[in-house]
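These notes are about the structure you will find just below.
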Amino acid sequence: MIYAFKDSDFPRRIALSRSLLLVLPLAALLSGCSDTDTAGRSGKNETEARPVALPPPIVASHTYRCVGGDVIYVDFLKGELSINVRLGSAGPSVRLTAPAADSAYTGNGMTLTVSGKDIDVRETGKPSRNCTRA
């Protein structure tokens, strides 16, 4: 309600104060939506993905046929200290590592020794197998 007083700008002040009462809460509400507050944040984007270490590249892949008909697929990785072994064409791949070059690769209950074009595979609970590169 506006009251008019003679020779006074009182009605104008009331109208101005009402418009401020409407604008100020709206401005405060919108200021909470801005992303300019960086206190407590690091310089990096928190959703930015960390770099992923790629596996070593495959240097050579060979297929070995074992006595008894088994087929073993071996991927030799760069650095000569690790290989990926897959038993059968659809089996899971297992990473084996060696402590030094030209030594036996071990891991996941398996030991694989390379000798030229032949490998010797030993698994816990299974007889050893001799395999030749196909």
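Just so you know, residue 1 is the first one in the sequence shown, and it goes up from there.
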Practice task
Supply the atom-to-atom distance Thr132 OG1 to Arg65 CZ, rounded to the nearest 0.5 angstrom.
Solution key: 11.0 Å
Would you call [X] and [Y] a side-chain contact if the rule is heavy atoms closer than 4.5 Å?
X      : Y     : result
Leu112 : Ile83 : yes
Tyr73  : Ser61 : no
Val121 : Ile72 : yes
Tyr64  : Val71 : no
Met110 : Leu96 : yes

Exercise for the section: Determine the minimum heavy-atom distance between Glu80 and Ala101, stating which atoms define it. Expected result: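 Reported closest heavy-atom pair: OE1-CB, 3.9 Å.
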Problem - Contact summary for Ala100 and Leu81, nearest pair of heavy atoms - result: C-CD2, 3.5 Å
Problem - Residues which pass salt bridge (charged side-chain N to carboxylate O under 4.0 Å, His left out) with Arg129, listed by chain and number, not counting sequence neighbours - result: Asp70, Glu123
Problem - Pairing residues for Asp120 by the salt bridge (charged side-chain N to carboxylate O under 4.0 Å, His left out) criterion, not counting sequence neighbours - result: Arg122
Handout entry: Residue pairs involving residues 92-111 (criterion side chain to side chain donor-acceptor pair (under 3.5 Å); sequence neighbours excluded)
Key = Asn84-Arg95
